[in-house]
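Report on the following structure.
In what follows, chains carry the letters A, B, and so on, assigned in the order in which the sequence lines appear, proteins first and then strands, with residues in each chain numbered from 1. Everything numeric here is computed off the predicted structure, so don't read it as measured data.
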Number of protein chains: 2
Amino acid sequence: MKIERNDATADLSAQIATAIRDAIVSGQLPVDERLPSEAELAEEFQVSRSTVREALKRLAAQSLIRTQRGAFGGAFINRIAFEDAYGQHVTTSTLLLSMNAVSFDVACEARFAMERACAPFAVKRRTADHLATMRAEIQKQSQPGLSDESWCASDVAFHRAFVDSAGNPVISYQLAGSVEAMQPLMNMITFTARNREKIILLHTEIANYLDLGNPGAVEKILIKLSDYTKTLAYDVIAAKDKEKRA
Amino acid sequence: MKIERNDATADLSAQIATAIRDAIVSGQLPVDERLPSEAELAEEFQVSRSTVREALKRLAAQSLIRTQRGAFGGAFINRIAFEDAYGQHVTTSTLLLSMNAVSFDVACEARFAMERACAPFAVKRRTADHLATMRAEIQKQSQPGLSDESWCASDVAFHRAFVDSAGNPVISYQLAGSVEAMQPLMNMITFTARNREKIILLHTEIANYLDLGNPGAVEKILIKLSDYTKTLAYDVIAAKDKEKRA
DNA sequence: AGACTTTTAAATGTATGACAAATGAAAATT
DNA sequence: AATTTTCATTTGTCATACATTTAAAAGTCT
């Protein structure tokens with residue numbers, strides 16, 4: 001089924017993981033199929049059990065397999081759930097943004113551009129539930145004592161509900177990375193009462209136009225929101241620069 | 001810096017991996033920082049070296065760390081490159097589509113919706129290079145003897161160039177999952193000479209309107225392309241159903 | 001003194017063997 | 001027939017040993 005060795009550039013466990021991963025991705029190993037036991041794989045690849053285990057842990061880290069102990073246990077090809085994929089995507093995207101000096105502008109542009117793409121579908125498919133969630137988050141955002149972290153979390157929840165209202169799980173999955181990965185960046189912005197007021201207004205308009213079924217208007221508000229977010233970020237960055245020079 | 005144990009629901013190696021991952025994601029461990037050696041981590045977490053190694057392999061599978069052998073080697077926090085992230089994203093997205101019975105329509109809608117979101121930026125920022133790449137792929141697609149696989153690969157390359165022309169690496173990264181993950185689905189569609197002709201025409205129009213700087217027109221062509229792709233998929237599915245009934 | 005070679009210590013990679021713990025099937029018992 | 005016990009299988013963890021790689025440090029030669 002799969003053979004290799006003598007690559008020499010990579011660890012054995014990495015090579016074995018790649019071989020099995022390829023078999024999974026290419027569809028040779030169907031979902032819920034059981035892999036051979038660790039001992040059998042060790043025999044098959046002519047390596048020790050530890051090496052096989054390290055390979056399997058690599059695959060488990062990507063949710064490609066799950067393991068079960070006991071007789072009739074073993075490693076099984078895992079059906080990746082949207083939930084698992086979200087998590088990995090968010091982790092990767094977050095690190096990508098924080099480690100690669102992606103500017104706030106670029107991240108913001110990407111996020112809102114894709115969010116705008118949801119508008120036409122959202123007006124067609126949003127349910128009462130989606131609207132209720134969005135309005136509930138707006139309500140939460142209006143509470144005076146809300147901490148910056150809770151404010152940002154509610155902001156993410158609002159946008160998440162909007163994206164989900166487009167009724168396309170693939171879009172939701174793809175956008176989770178953009179929206180949630182920006183949360184650390186957003187957390188750095190201090191939202192004063194005045195800022196919040198303005199954003200809440202825009203959120204309300206989005207909900208209203210979504211309710212009315214006007215995609216163009218929703219897109220326009222999203223542009224305003226994007227611009228305003230960028231403005232706030234500029235101010236924060238400018239203030240930090242000033243502080244640094246002082 | 002990080003402690004746990006007694007979770008009982010998860011493996012020790014998974015718990016340790018999570019602890020270190022959290023420290024990385026939260027920014028406590030800066031890029032290129034060296035983790036303690038395996039022996040030291042084993043001591044710190046009060047587990048065996050094998051268990052630590054399995055945890056580290058999990059992190060390595062997500063490109064969170066890289067390891068180096070030899071004195072002064074060890075595990076270092078890895079700066080995730082866009083390239084690494086692409087790869088993981090494509091793998092996950094591909095499996096998500098193939099394992100979760102995501103309909104062709106849903107995948108197609110997501111892909112083209114996000115691609116349309118690129119149009120306004122693409123007309124502003126596309127370079128001569130991008131246009132040249134797109135036209136070169138169109139040229140390739142016009143060759144009569146091209147296999148279905150090569151055709152699809154060239155199709156991906158064309159759309160990739162278009163997305164890249166928007167000049168936003170975050171958008172490019174997010175879209176890589178959608179565009180490339182659909183390749184297996186696209187490969188199932190047999191593109192006759194007549195089909196190809198029509199798609200090549202649409203590709204040409206995209207390149208032309210991009211050249212002219214007309215984002216609205218580009219979006220309209222993308223909608224046409226999306227619709228046509230869906231039509232082709234319907235036909236293939238219908239033909240398969242017929243075959244099955246026969 | 002400076003350039004080259006050798007040694008050495010530290011770290012990861014791999015192998016082996018042992019035992020613990022979980023688990024479901026099969027056998028034994030009530 | 002239902003329940004309990006036994007048992008084989010498999011993953012999880014630990015301990016130890018050795019191979020391999022690597023760069024610094026020490027040594028050697030010109």
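Rounding to the nearest 0.5 angstrom, the gap separating the NE2 atom in A:His89 from the CG atom in A:Leu96 is 9.0 Å. One distance of note links OG of A:Ser13 with CZ of A:Arg53; it measures 12.5 Å at 0.5 Å rounding.
We find that CD of B:Glu38 is positioned 14 Å from P of D:dC14, with the value rounded to whole Å. One interatomic measurement links the two molecules: CZ of A:Arg53 to P of D:dT10, which rounds to 14 Å at whole-angstrom precision. In this structure, the CZ atom of A:Arg34 is 6 Å from the P atom of D:dT11, given to the nearest Å. As a whole-Å value, the separation of B:Asp11 CG from D:dT11 P is 12 Å. In this structure, A:Glu54 places its CD atom 15 Å from C1' of D:dT11, rounding to the nearest Å. Here C:dA22 presents its C1' atom at 10 Å from CD of A:Gln68, a figure rounded to the nearest Å. Remark: P of D:dT10 and CD of A:Glu40 are 6 Å apart, rounded to the nearest angstrom. For the pair B:Glu43 CD and C:dA11 P, the computed distance is 14 Å after rounding to whole Å.
Residues A:Ser93 and B:Gln174 approach most closely at OG-NE2, 4.1 Å, considering heavy atoms. When all heavy atoms of A:Ala10 and A:Gln15 are compared, the closest pair comes out as O-NE2, 3.0 Å.
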What does the list of N/O pairs under 3.5 Å between the protein and nucleotides 26-28 of chain C look like, with a distance for each?
none

I'd like a table of atom pairs between the protein and nucleotides 24-27 of chain D - only N or O on both sides, under 3.5 Å - with the distance next to each one.
none

Got a list of protein N/O to nucleotides 16-19 of chain C N/O distances below 3.5 Å?
residue, atom, partner, partner atom, Å
C:dT16, O4, A:Ser50, OG, 3.4

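Within the 4.5 Å cutoff, the side chain of A:Ile189 has heavy atoms near those of the A:Phe104 side chain.
Dashed line: the shortest gap from a side-chain N or O of B:Lys57 to OP1 or OP2 of C:dG13 is under 4.0 Å. Applying the 4.0 Å criterion to OP1 and OP2 of C:dG13, one finds that B:Thr67 has a side-chain N or O inside that range.
Residue-to-nucleotide contacts include a donor-acceptor pair under 3.5 Å from the side chain of B:Arg69 to the base of D:dT20.
Judged purely by distance below 3.5 Å, without hydrogens or angles, the side chains of A:Gln88 and A:Ser63 pair a donor atom with an acceptor atom. No side-chain donor from either of A:His159 and A:Glu180 sits under 3.5 Å from a side-chain acceptor of the other. Side-chain N/O atoms of A:His130 and A:Thr133 include no donor and acceptor closer than 3.5 Å.
The main-chain N or O of A:Met99 is found under 3.5 Å from a side-chain atom of B:Arg79 such that the two form a donor-acceptor pair.
One finds a salt bridge joining A:Asp32 and A:Arg66 here, because a Lys/Arg side-chain nitrogen approaches an Asp/Glu carboxylate oxygen to under 4.0 Å. Using a cutoff of 4.0 Å between basic side-chain nitrogens and carboxylate oxygens, A:Glu54 and A:Lys57 are not scored as salt-bridged.
Below 30°, between 30° and 60°, or above 60°: for B:Tyr173 and B:Tyr86 the angle between ring planes is between 30° and 60°, a tilted geometry.
If you check every strand for non-hydrogen atoms under 4.0 Å, B:Arg66 touches nothing.
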